[in-house]
Amino acid sequence: MLNMFELLLPLILIALISLPLVNVFRGKKSVSVAKRRMITHVCFFFAIVLGTVFFSATKAYAAGADDVTMKMAGSIGQGLGFIAAALATGLSALGAGIAVAAAAPAAIGAFSENEKNFGKSMIFVALGEGVAIYGLLISIFIIFMKL
């Protein structure tokens, strides 16, 4: 069971990483400053994730190998399957976001010039969103095959 320190520490660290970006999102900082801050904060985020994994691993090692093996219910293959499912969902959603970011403004521009282009332009936007649905479907298949 987690104690309060283990529960609140990651939340506090994520809040400390996110707070300096408030001025960037409000438009009070320039784009170059925003890019530098975003890169710095992404690096800090991954450092915190790696630190959390290291902290959990050292805690499990200190608990003893017998206790850890009794608590573990899955195998390496099952864990890698969950990572694959997360990557399938995350990367497909990222690709869908890029596709919709390119297709939606073009669809709005085509619709503003000629109202008959609405149906044709919405098809391209929906195709971009379909990529995320396919990634989610693949991740559901992966999870249910590993259980």
Side-chain angles (χ1 to χ4, degrees), residues 1-61 68-69 71-147:
M1 178 118 187
L2 295 174
N3 59 20
M4 284 303 272
F5 176 74
E6 292 172 342
L7 185 66
L8 290 178
L9 182 65
L11 296 175
I12 291 170
L13 291 175
I14 289 173
L16 288 175
I17 288 174
S18 303
L19 284 177
L21 292 175
V22 172
N23 288 335
V24 173
F25 292 132
R26 287 186 180 171
K28 295 181 180 177
K29 298 287 182 182
S30 67
V31 176
S32 63
V33 172
K35 285 182 182 178
R36 270 187 297 152
R37 283 191 177 187
M38 194 63 80
I39 290 170
T40 304
H41 284 79
V42 167
C43 291
F44 279 142
F45 175 76
F46 284 116
I48 288 172
V49 168
L50 289 174
T52 305
V53 169
F54 179 73
F55 178 70
S56 300
T58 56
K59 184 177 178 185
Y61 182 74
V68 173
T69 55
K71 292 179 183 178
M72 291 177 62
S75 65
I76 297 279
Q78 188 176 10
L80 290 175
F82 289 139
I83 291 173
L87 285 173
T89 303
L91 293 177
S92 66
L94 182 66
I98 292 170
V100 170
I108 292 170
F111 177 70
S112 65
E113 289 181 11
N114 187 1
E115 294 178 2
K116 294 180 182 179
N117 290 335
F118 180 74
K120 295 175 187 175
S121 59
M122 282 298 116
I123 290 173
F124 292 109
V125 176
L127 285 173
E129 292 173 0
V131 172
I133 294 171
Y134 293 139
L136 182 64
L137 185 67
I138 294 298
S139 67
I140 290 171
F141 285 156
I142 291 171
I143 288 173
F144 283 121
M145 290 296 195
K146 291 294 172 192
L147 291 179

Checklist entry - At their closest point, which heavy atom of Val100 faces which heavy atom of Gly128, and how far apart are they? => result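 The pair with the smallest heavy-atom distance is CG2-C, 4.1 Å.
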
From [X] [atom1] over to [Y] [atom2], what is the distance, rounded to the nearest 0.5 angstrom?
X      : Y      : atom1 : atom2 : answer
Ile123 : Phe118 : CD1   : CZ    : 10.5 Å
Ile142 : Leu80  : CD1   : CG    : 11.5 Å
Ser139 : Phe144 : OG    : CZ    : 10.0 Å
Leu127 : Met122 : CG    : CE    : 11.5 Å
Ile140 : Leu136 : CD1   : CG    : 4.0 Å

Has the side chain of Thr89 got a donor or acceptor atom that lies under 3.5 Å from a matching backbone atom of Ala86?
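No: the side chain of Thr89 does not pair with the backbone of Ala86.
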
Should we say atom CZ of Phe111 is surrounded by more than 12 heavy atoms from elsewhere, each under 6.0 Å from it?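 Buried by this count: over 12 neighbours within 6.0 Å.
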
